[in-house]
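Report on the structure given below.
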Amino acid sequence: MFPSLYISHGSPMLALNPGASGPALARLAAEIPKPKAIVIVSAHWESNELLVSGNPQPETWHDFGGFPKALFEVQYPAPGDPRLAAEVAGLLKSAGLAARIDSNRPFDHGVWVPLSLMYPQADIPIVQVSLPSRDGPALQTRVGQALASLREQGVLLIGSGSITHNLRELDWHAGPESVEPWAQAFRDWMIDKLAANDEAALHDYRAQAPNAVRNHPSDEHLLPLYFARAAGGQFSVAHQGFTMGALGMDIYRFD
């Protein structure tokens, strides 16, 4: 049985400067049997409706600006899997969640940045599920529950976002030992509630968690966590850390 994962993917520069996350992701990939496919929810595919990527050969989308030329040259030529995409859409529909196939979707950086560090050979088929972010944690919990059975088929389920994500308050010169107290307090609260399996508190995090809105002015980077949690089982921390003072780089697994 495969775990599900929540990966904080950080800045796109992680692909070139992986820091502590690179070894953590490589170690995680080594601990898990090689999956036959990956289904991933990225913070960077927000949508109004629930969509599933059915592109057989997605392009590597450099969906950002202002970074070095070398980053725009990075390619991640993993294949898609239209058959698995149809199965994913069917599982979602069986759970009462209308889903439609998008045959053109490329890989956004929430997909290819972390996966390039886990599986650099780019030889595992990938299907992406969109993020109707306005529907909040409850929908992502339902999506995760609907797709949990794929873990028994050798499919790795991943939520890709960031445990904290306030880009306006980052210190681009801060070292990994520099952590803003308001960011750490939020991260620690989330870990406590995940360990306690307190779904009610987690779903109401914007009202209950310390500095919730400061850490997530919008919540698209936290929502993939709810997908991973609902798709998996027992919570554990695979990696902890911060960059730039307040950008959480935690990785969680749900076995």
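Residues S149 and L91 have side chains in contact (heavy-atom distance under 4.5 Å, counting atoms from C-beta outward). In this structure the side chain of I32 reaches within 4.5 angstrom of the side chain of L5, judged on heavy atoms. Between P132 and Q140 the shortest side-chain heavy-atom distance falls below 4.5 Å. Looking at heavy atoms from C-beta onward, F107 lies out of side-chain contact with W61 at the 4.5 angstrom threshold. Residues P137 and L202 form no side-chain contact, since every pair of their non-hydrogen atoms from C-beta on lies 4.5 Å or further apart. Inter-residue side-chain proximity for Q128 and V52 is flagged as unmet; no heavy-atom pair is nearer than 4.5 Å. Looking only at side-chain heavy atoms (C-beta outward), F2 and L150 stay at 4.5 Å or farther from each other.
Contact check on D204 versus K193 returns no salt bridge, with no Lys/Arg side-chain nitrogen under 4.0 Å from an Asp/Glu carboxylate oxygen.
Among residues at least two apart or in separate chains, there is no side chain to side chain donor-acceptor pair (under 3.5 Å) pair with a member in residues 14-29. Within the structure, side chain to side chain donor-acceptor pair (under 3.5 Å) pairs that include any residue of residues 47-56 comprise S47-S130, E49-R100 (at least two apart or interchain).
Taking all atoms of both residues into account, the shortest heavy-atom contact from L51 to W45 is CB-CZ2, 3.6 Å. Of all non-hydrogen atoms in L71 and H62, the two that sit nearest each other are O-CD2, 3.3 Å. Minimum heavy-atom separation, V113 to A15: CG1-N, 3.9 Å. Summarising the geometry of P3 relative to L156, their closest heavy-atom pair is O-CD1, 3.4 Å, with the distance given to 0.1 Å. Heavy-atom minimum distance, L28 versus A238: CD1-CB, 4.3 Å. Heavy-atom minimum distance, A29 versus M118: CB-O, 3.3 Å.
In this structure, the side chain of S160 engages the main chain of G110 through a donor-acceptor pair within 3.5 Å. Listed for the S133 side chain is no donor-acceptor partner under 3.5 Å among the backbone atoms of E46. A donor-acceptor contact shorter than 3.5 Å links the side chain of R142 to the backbone of A95. Without hydrogens or angle criteria, D102 side chain to R105 main chain gives a donor-acceptor distance under 3.5 Å. In this structure, R229 contributes its side chain and L194 its backbone to no donor-acceptor pair below 3.5 Å. Checking side-chain atoms of S42 against main-chain N and O of H44 turns up a donor-acceptor pair under 3.5 Å. Looking only at distances, no side-chain donor or acceptor of W182 sits under 3.5 Å from a matching main-chain atom of N215. At least one donor-acceptor pair closer than 3.5 Å links the side chain of T164 to the backbone N or O of G248.
Residues passing the side chain to side chain donor-acceptor pair (under 3.5 Å) test with E31, sequence neighbours excluded: R253. For the salt bridge (Lys or Arg N to Asp or Glu O under 4.0 Å) test, no residue two or more places apart in sequence or in another chain qualifies with E59. Partners of Q145 according to the side chain to side chain donor-acceptor pair (under 3.5 Å) rule, which considers only residues two or more places apart in sequence or in another chain, do not exist here.
Atom CD in E169 sits 10.5 Å away from atom CG in L167 (nearest 0.5 Å). Distance CG/L147 to CZ/F227: 5.0 Å, rounded to 0.5 Å. Atoms CZ and CD1, from R187 and I163 in turn, are 8.5 Å apart once rounded to the nearest 0.5 Å. If you take CD1 on I38 and CD1 on I158, they are separated by 5.0 Å, rounding to the nearest 0.5 Å. Here the OG atom belonging to S162 is positioned 10.0 Å from the CD atom belonging to E220, to the nearest 0.5 angstrom. Note: L222 CG to R206 CZ = 8.5 Å, rounded to the nearest 0.5 Å.
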Output a table of donor-acceptor pairs, distance under 3.5 Å, between side-chain atoms of residues 75-89 and any protein atom two or more places apart or on a different chain; print 'none' if there are none.
unit_1 : atom_1 : unit_2 : atom_2 : d
Y76    : OH     : L115   : O      : 3.3
Y76    : OH     : Y119   : O      : 2.8
D81    : OD1    : R83    : N      : 3.3
D81    : OD1    : L84    : N      : 3.0
R83    : NH1    : E87    : OE1    : 3.3
E87    : OE2    : Q153   : NE2    : 3.2

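One hydrophobic cluster, built from ILVMFWY side chains closer than 4.5 Å, cannot hold both L117 and L157; they sit in different ones. A continuous path of hydrophobic side-chain contacts links F67 to V74 [ILVMFWY only; heavy atoms under 4.5 Å]. The hydrophobic clustering, which links ILVMFWY residues whose side-chain heavy atoms are closer than 4.5 Å, places Y252 and L223 together. Taken together through direct or relayed side-chain contacts under 4.5 Å among Ile, Leu, Val, Met, Phe, Trp and Tyr, V39 and I101 form part of one hydrophobic cluster. A chain of hydrophobic side-chain contacts below 4.5 Å, direct or via other Ile, Leu, Val, Met, Phe, Trp or Tyr residues, connects F64 to L16.
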Would you sort out whether F254 and L225 count as a side chain to side chain contact (heavy atoms under 4.5 Å, CB included), showing the intermediate values?
CA-CA 10 Å; F254 299 87; L225 170 63; 3.9 Å; yes

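The aromatic ring centroids of H216 and F186 lie less than 6.0 Å from each other. A distance of 6.0 Å or more separates the ring centres of Y6 and Y226.
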